[in-house]
Amino acid sequence: MGNVRVCDVPFYLDVTLCCGQVFRWDKVGDWWFGVAGGRAFKVRQKGNKIEYANVDEVFLERYFGLDVDLQRISDNVNKDEHIAKALNQFWGLRLIRQEPWECLISYICATYKSIPAIKHMLNKLAAKFGEPLELEGKKFFTFPKAERLATASEVSLGECGLGYRAKYLLATSKRVCNGFDLEGLKRLPYVDAKKALMDLPGVGAKVADCVLLFSLGKLEAFPVDVWVKRVVLNHYADKLEPELLSRLRTREGLSCGDYERLNGFGRGYFGEFAGYAQEYLYHYERMQL
DNA sequence: CGTGGGCCTGTCTA
DNA sequence: ATAGACAGGCCCA
């Protein structure tokens, strides 16, 4: 029932699962329970040992991104004392390779919501439209397929607490059912894939960047949310143009243009693995509260 | 291209 | 207890 893998690469399971990139994992005791790849499984870490059940090692390694060379990425993005502190404090945090469809819907739901509320919405969606699974007597649900959501009514979607997001979900589900090639975006350059995503209802620059980074393998994507904005204002103000800086300080929120400027700063400054830097800094800033 | 206002509803705080 | 503020933005005028 239980398998053990000696993990010879840096990995920090707890931070990886609670840093806000995925929403459907829960910790019970010292075990994390979640659903991916169409099955429910559990995993925990004891020192350099990864214990897991109901999943195979190949899937696990790929899902948690254990095959990427974290040291090389760290060396690459480690440009200053701030990112260095974040890397050191949360060393082993990895970007999970999420399934694009679930990731897309998750981040459409995430707009203007807190993390607990997002989890609530996604769990209700899965319970209502997903397929039931079981592990050790606990109930789980697969994430509903696009076809299932596309044929649901806006009212029944709304019952999951989606609010105004219900119509975006419905419209985007229909687009995906009608041939929008989500997987195919992996083969496009970052800029083109982002443009294609932003054509979907409910998907702006921020949501697009999250989907690109967390599920489409675009490690240069640098999502800018309120926390990343705080990181930049608190630690990288001197890297920005004065007028941009004063706009960011006076106005709340972010105009489209200023989003792209901060996003461009991140990609330019941190380079091809900017997304890893983003996630470490994001988590770092959140832990300062 | 930039700006402002509205928005569903679950959580958290006073 | 119950109201009010706020939340990992997006869309439209």
Side-chain angles (χ1 to χ4, degrees), chain A residues 15-25 86 93 95-96 98 102-128 153-173 175 194-215 221-234 241 243-264 266 274-275 277-289:
Chain A
V15 180
T16 297
L17 284 175
C18 79
C19 71
Q21 53 178 329
V22 285
F23 302 104
R24 294 219 303 139
W25 280 90
L93 161 59
L95 294 179
I96 291 173
Q98 300 184 39
E102 176 168 354
C103 187
L104 172 63
I105 295 303
S106 298
Y107 281 92
I108 289 177
C109 288
T111 69
Y112 207 39
K113 275 289 185 188
S114 62
I115 288 177
I118 299 165
K119 298 180 78 159
H120 181 256
M121 282 187 284
L122 295 175
N123 283 331
K124 292 206 79 165
L125 263 182
K128 189 159 184 176
S153 70
E154 193 175 320
V155 172
S156 65
L157 287 173
E159 287 167 1
C160 298
L162 299 175
Y164 63 84
R165 300 163 195 79
K167 64 175 185 293
Y168 298 145
L169 244 71
L170 191 53
T172 286
S173 297
R175 286 283 303 277
K194 183 170 179 177
K195 198 175 299 175
L197 278 173
M198 288 175 66
D199 191 45
L200 294 172
V203 180
K206 155 67 166 60
V207 172
D209 274 320
C210 287
V211 176
L212 288 164
L213 178 61
F214 298 135
S215 74
F222 190 82
V224 179
D225 56 34
V226 293
W227 294 99
V228 173
K229 179 182 169 184
R230 282 171 204 159
V231 170
V232 176
L233 284 177
N234 289 342
E241 303 193 354
E243 48 185 35
L244 170 59
L245 189 57
S246 68
R247 261 203 313 282
L248 294 175
R249 282 185 170 143
T250 52
R251 285 195 35 157
E252 44 188 305
L254 213 52
S255 70
C256 297
D258 286 348
Y259 180 95
E260 292 306 326
R261 287 182 189 96
L262 285 183
N263 174 263
Q278 187 272 4
E279 202 56 19
Y280 274 86
L281 289 171
Y282 167 82
H283 191 61
Y284 179 78
E285 196 69 16
R286 282 182 58 108
M287 293 301 107
Q288 298 309 307
L289 277 182

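Convention: sequence-line order gives letters A, B, ...; per-chain numbering from 1.
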When you measure from every atom of DNA chain C, which of residues 159-169 of chain A have a heavy atom less than 4.0 Å away?
-> A:Tyr164, A:Tyr168
Determine the Euclidean distance between corresponding P atoms of C:dG8 and B:dT3; express it in Å to zero decimal places.
-> 24 Å
Residue pairs, two or more places apart or on separate chains, that pass salt bridge (Lys or Arg N to Asp or Glu O under 4.0 Å) and touch residues 115-124 of chain A = A:Asp26-A:Lys119
Tell me, please, the opening and closing nucleotides of DNA chain C, 5' to 3', among those with an atom under 4.0 angstrom from a non-hydrogen atom of chain A.
-> C:dA7 to C:dC11
Report yes or no: does A:Glu260 contribute a side-chain atom to a donor-acceptor pair with the main-chain N or O of A:Ala205 at less than 3.5 Å?
-> no
Are the side chain of A:Glu154 and the backbone of A:Leu170 linked by a donor-acceptor contact shorter than 3.5 Å?
-> no
Return each pair, listed once, that meets side-chain hydrogen bond (donor to acceptor under 3.5 Å, both in side chains) where at least one residue sits in residues 156-170 of chain A; pairs must be two or more places apart or across chains.
-> A:Lys128-A:Glu159, A:Ser153-A:Ser156
Is A:Lys113 reaching over with its side chain to a backbone N or O of A:Leu162, donor-acceptor style, under 3.5 angstrom?
-> no
Please identify each residue that fulfils ring-ring contact (aromatic ring centres under 6.0 Å, His included) with A:Phe214, with sequence neighbours left out.
-> A:Tyr107
Is the phosphate of B:dG4, meaning OP1 or OP2, less than 4.0 Å from a side-chain N or O of A:Arg251?
-> yes
Strand-adjacent residues in residues 198-209 of chain A, judged by heavy atoms under 4.0 Å from DNA chain B | none
Would you call A:Arg261 and A:Glu241 a salt bridge, taking side-chain N to carboxylate O under 4.0 Å as the test?
-> no
Name the pairs: protein N/O against N/O of nucleotides 11-14 of chain B, kept only if under 3.5 Å.
none

Gap in Å between the two C1' atoms, one belonging to B:dG10 and one to C:dC11, rounded | 22 Å
Separation of A:Leu170 atom CG from B:dC8 atom C1', in whole Å?
-> 16 Å
How would you list, by chain and number, every residue that makes a side-chain hydrogen bond (donor to acceptor under 3.5 Å, both in side chains) with A:Thr250, sequence neighbours excluded?
-> none
Interatomic spacing from CG in A:Leu104 to CG in A:Leu169 - rounded to 0.5 Å = 8.5 Å
Rounded to the nearest 0.5 angstrom, the CG-CD1 distance for A:Leu125 and A:Ile105 is 8.0 Å
Return the value, rounded to whole Å, for the distance between atom CG of A:Leu125 and atom P of B:dG10.
-> 13 Å
Can you give me every donor-acceptor pair (side chain of residues 281-289 of chain A, partner residue at least two apart or in another chain, under 3.5 Å) with its distance?
unit_1   : atom_1 : unit_2   : atom_2 : d
A:Tyr282 : OH     : A:Arg286 : NH1    : 3.2
A:Tyr284 : OH     : A:Lys85  : NZ     : 3.3
A:Glu285 : OE2    : A:Asn234 : ND2    : 2.8
A:Gln288 : NE2    : A:Tyr284 : O      : 3.0

Quick one: label A:Ile115 by what it contacts on the DNA or RNA (base, sugar-phosphate, nothing), any heavy atom closer than 4.0 Å.
-> base
Answer whether the closest heavy-atom distance between the side chains of A:Leu262 and A:Leu248 falls below 4.5 Å.
-> yes
A:Asp225 meets the salt bridge (charged side-chain N to carboxylate O under 4.0 Å, His left out) criterion, sequence neighbours left out, with none
Separation between CD1 of A:Ile108 and CE of A:Met121, rounded to the nearest 0.5 Å | 11.5 Å
A:Leu213 CG to A:Gln98 CD distance, which is reported to the nearest 0.5 Å = 9.0 Å
Within this structure, what is the CG-to-C1' distance between A:Asp258 and B:dG2, rounded to whole angstrom?
-> 9 Å
Going by the side-chain hydrogen bond (donor to acceptor under 3.5 Å, both in side chains) test, which pairs reach into residues 197-211 of chain A, not counting sequence neighbours?
-> A:Arg175-A:Asp199, A:Tyr190-A:Asp209, A:Lys194-A:Asp209, A:Asp209-A:Tyr259, A:Asp209-A:Asn263
So the stems of DNA chain B, runs of at least three Watson-Crick or G-U pairs (under 3.5 Å), are B:3-7 with C:9-13, B:9-14 with C:2-7
